[in-house]
Student: 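Sending over a structure as structure tokens; questions will come in a sec.
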Amino acid sequence: MKILLATTNEGKLRELKSILEDLGVELLSLRDMDRLFEVEEDKETFLENAIKKATFYANFYKLPVIAEDAGLEVDQLNGYPGVYSARFYSIDFGGKLENQNLSKDQKNNIKLLKLLEGEQNRKARYKTVVTYYDPTSGLGFWTEGVCEGTIAEKPEGTGGFGYDPIFIPQGYDMTMAQLPPEEKNKISHRGKAVRKLKDLLKCVLKGEKGEP
Ligand code: ITT
């Protein structure tokens with residue numbers, strides 16, 4: 001059996017692969033496919049965006065797909081950046097950027113730190129919804145994961161991706177980007193959601209083999 005991990009984010013892809021690699025199926029990525037399409041994430045919830053991505057790629061490539069929509073919710077910003085996490089730097093939300101010659105992740109982090117300058121309430125959480133959809137059987141399901149934490153005063157660490165250099169997980173005194181990848185997978189929103197999805201997939205695979 002083949003499953004397409006439909007993400008354009010290399011950091012996500014690394015994490016998804018490392019959790020799913022022992023599932024006993026062939027994991028493909030968008031890089032293995034002939035044509036790359038960007039599916040617009042224009043919905044208001046992680047779930048709707050994740051379903052949109054999974055169904056689009058699955059119907060297009062005629063393969064079972066795992067797709068995900070994730071983001072960071074910051075209490076002081078009423079839950080923003082939320083579904084805008086990947087492109088927070090580009091939305092009209094204050095926190096003007098002077099240096100544009102940076103990566104998207106760096107621009108997002110700088111903008112968020114600017115908006116929280118001097119703020120005491122730095123509570124935040126990563127959330128994700130991971131979806132599976134098989135266009136042949138019509139079977140689909142989704143799981144979610146949350147990782148609570150706070151926003152640091154300045155970026156630290158080089159691991160992970162996205163907001164990891166400024167996100168301190170609850171119970172730690174370092175950022176997610178300072179943790180080894182296995183440790184991040186143990187506690188992260190993605191780790192939690194993908195392990196739940198993996199358990200469901202194991203049942204599907206057993207059923208396909210006719211096992212009870
Ligand atoms: P795909 O849609 O192709 O999967 P993307 O980067 O656009 O890739 P999302 O729409 O789900 O993915 O955006 C999620 C953004 O939220 C991502 O770009 C990061 O900025 C942030 N994010 C999500 N999970 C994260 C994590 O584990 N660590 C750090 N930042 C994360």
Side-chain angles (χ1 to χ4, degrees), residues 4-19 28-31 33 36-58 60-61 65-74 77 79-91 93 102-113 124-132 142 144-152 155-169 172 174-195:
L4 172 63
L5 303 178
T7 176
T8 56
N9 181 315
E10 288 299 317
K12 269 192 190 181
L13 183 64
R14 250 191 335 265
E15 293 178 8
L16 289 169
K17 273 190 170 163
S18 87
I19 301 169
L28 302 174
S29 82
L30 290 173
R31 285 198 172 176
M33 312 315 285
L36 188 75
F37 288 85
E38 194 61 77
V39 178
E40 203 188 344
E41 295 170 55
D42 52 2
K43 304 287 181 189
E44 283 174 18
T45 64
F46 296 129
L47 178 60
E48 288 169 291
N49 278 332
I51 290 175
K52 182 177 176 183
K53 282 190 270 189
T55 49
F56 179 88
Y57 285 115
F60 186 81
Y61 290 116
V65 160
I66 290 175
E68 188 207 353
D69 196 37
L72 179 71
E73 292 181 353
V74 178
L77 305 180
Y80 273 81
V83 288
Y84 304 103
S85 292
R87 54 193 163 99
F88 188 45
Y89 70 93
S90 67
I91 68 166
F93 201 84
L102 297 168
S103 70
K104 286 182 185 179
D105 285 347
Q106 286 170 323
K107 286 193 267 189
N108 285 333
N109 288 346
I110 290 171
K111 177 163 175 161
L112 186 54
L113 288 177
R125 67 204 53 77
Y126 281 132
K127 277 191 184 168
T128 185
V129 173
V130 184
T131 48
Y132 171 82
W142 56 274
E144 58 190 340
V146 177
C147 178
E148 296 285 343
T150 51
I151 302 301
E156 298 271 12
T158 53
F161 67 97
Y163 296 90
D164 285 344
I166 60 167
F167 183 83
I168 302 175
Y172 288 76
M174 58 180 81
T175 68
M176 198 72 119
Q178 291 174 296
L179 297 179
E182 321 79 66
E183 189 70 16
K184 176 177 176 183
N185 277 345
K186 253 191 236 167
I187 61 165
S188 79
H189 52 311
R190 182 165 303 101
K192 291 172 189 167
V194 177
R195 281 192 294 274

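Note that ligands are numbered from 1 as they come in the structure, with each ligand's atoms numbered from 1 the same way.
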Student: Is ligand 1 less than 4.0 angstrom away from at least one heavy atom of H189?
Tutor: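 In this structure, H189 qualifies as a contact of ligand 1 - some heavy atom is under 4.0 Å.
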
Student: Can you sort out which atoms of ligand 1 are near K184, meaning under 4.0 Å from one of its heavy atoms?
Tutor: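 That gives atoms 26 (C), 27 (O), 28 (N) of ligand 1.
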
Student: Can a side-chain donor-acceptor contact be found between Y172 and Q178 if the only test is distance below 3.5 angstrom?
Tutor: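 No donor-acceptor contact under 3.5 Å links the two side chains.
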
Student: Just to confirm my output: which protein heavy-atom neighbour is closest to atom 2 (O) of ligand 1, and how far is it?
Tutor: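 Checking every protein heavy atom, the shortest distance to atom 2 (O) of ligand 1 gives K53 NZ, 2.6 Å.
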
Student: Looking at E183 and P180, would you say the former's side chain and the latter's main chain have a donor-acceptor pair under 3.5 Å?
Tutor: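 Side chain of E183 to backbone of P180: no pair is present.
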
Student: Consider ligand 1: state whether an atom of it lies below 4.0 angstrom from any non-hydrogen atom of G160.
Tutor: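 Contact absent.
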
Student: Would you say R87 touches ligand 1, if touching means a heavy atom closer than 4.0 Å?
Tutor: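 Per 4.0 Å heavy-atom rule, R87 does not contact ligand 1.
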
Student: Does G71, backbone or side chain, put an N or O under 3.5 Å from an N or O of ligand 1?
Tutor: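 N/O-N/O distance under 3.5 Å: no.
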
Student: Distance to 0.1 Å, residue and atom name: give those for the protein heavy atom nearest to atom 24 (N) of ligand 1.
Tutor: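 The closest heavy atom on the protein side is R190 NH2, 2.9 Å.
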
Student: Within a distance under 4.0 Å of any heavy atom of D164, pick out the atoms of ligand 1 and give their elements.
Tutor: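 In order of number, 26 (C), 28 (N), 29 (C).
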
Student: With rounding to the nearest 0.5 angstrom, report the CZ to CG distance, F167 to L179.
Tutor: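 Answer rounded to 0.5 Å: 10.5 Å.
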
Student: Counting from 1, what ligand 1 atoms have a heavy atom of S85 closer than 4.0 Å?
Tutor: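 So the answer, numbered in order with elements, is 15 (C), 16 (O), 20 (O).
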
Student: Heavy-atom contacts with E41 under 4.0 Å: which atoms of ligand 1 show up? List them by number with element.
Tutor: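 Result: 2 (O), 7 (O), 9 (P), 10 (O).
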
Student: Just distances here: any N/O of D105 and N/O of ligand 1 closer than 3.5 Å?
Tutor: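 No; every N/O pair is 3.5 Å or more apart.
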
Student: Does T7 use its side chain to pair, donor to acceptor, with the backbone of L13 at less than 3.5 Å?
Tutor: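 No: the side chain of T7 does not pair with the backbone of L13.
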
Student: As a check for students: among E68, K12, E10, identify the option with a heavy atom nearest to atom 11 (O) of ligand 1.
Tutor: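 It is K12 whose heavy atom sits nearest to atom 11 (O) of ligand 1.
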
Student: D69: heavy atom below 4.0 Å from ligand 1, yes or no?
Tutor: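 Heavy atoms of D69 do come under 4.0 Å of ligand 1.
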
Student: Would you say D69's side chain and E48's backbone share a donor-acceptor pair under 3.5 angstrom?
Tutor: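 A pair under 3.5 Å: no.
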
Student: Under a 3.5 Å cutoff, is there a donor and acceptor pairing between the side chains of T175 and E156?
Tutor: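 On atom types as modelled, these side chains do not qualify, holding no pair under 3.5 Å.
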
Student: Is the count of non-hydrogen atoms from other residues, nucleotides or ligands lying under 6.0 Å from F60 atom CZ greater than 12?
Tutor: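 Yes, because the 6.0 Å sphere around CZ of F60 holds more than 12 heavy atoms from other groups.
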
Student: Sequence neighbours left out, what passes side chain to side chain donor-acceptor pair (under 3.5 Å) with K127? Give chain and number order.
Tutor: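 In terms of side chain to side chain donor-acceptor pair (under 3.5 Å), with neighbours along the sequence ignored, K127 is linked to E73.
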
Student: How close does the nearest protein non-hydrogen atom get to atom 14 (C) of ligand 1, and which residue and atom is it?
Tutor: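 Sorting protein heavy atoms by distance from atom 14 (C) of ligand 1 puts A70 O, 3.2 Å first.
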
Student: I need the nearest protein heavy-atom contact for atom 6 (O) of ligand 1: residue, atom name and distance, please.
Tutor: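 Protein heavy atom with the smallest distance to atom 6 (O) of ligand 1: N9 ND2, 2.9 Å.
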
Student: Would you please determine whether K104 falls within less than 4.0 Å of ligand 1 on a heavy-atom basis?
Tutor: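 So K104 does not count as touching ligand 1.
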
Student: Can you tell if the side chain of K53 reaches within under 4.5 Å of the side chain of E68, non-hydrogen atoms only?
Tutor: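 They are not in side-chain contact.
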
Student: Is the side chain of K12 donor-acceptor paired with the backbone N or O of F161 at a distance under 3.5 Å, no angle test?
Tutor: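 Looks like no, no N/O pair under 3.5 Å.
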
Student: Which of the atoms in ligand 1, numbered in the order shown and given with their element, are less than 4.0 Å from a heavy-atom of T7?
Tutor: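 Taking each heavy atom of T7 in turn, ligand 1 has 1 (P), 3 (O), 4 (O), 8 (O) under 4.0 Å.
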
Student: Judged on heavy-atom distance to atom 25 (C) of ligand 1, which of F167, Y163, F161 sits nearest?
Tutor: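 Answer by nearest heavy atom: F161.
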
Student: Y163: which residues meet the side chain to side chain donor-acceptor pair (under 3.5 Å) condition with it, sequence neighbours left out?
Tutor: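 Side chain to side chain donor-acceptor pair (under 3.5 Å) list for Y163, sorted by chain: empty.
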
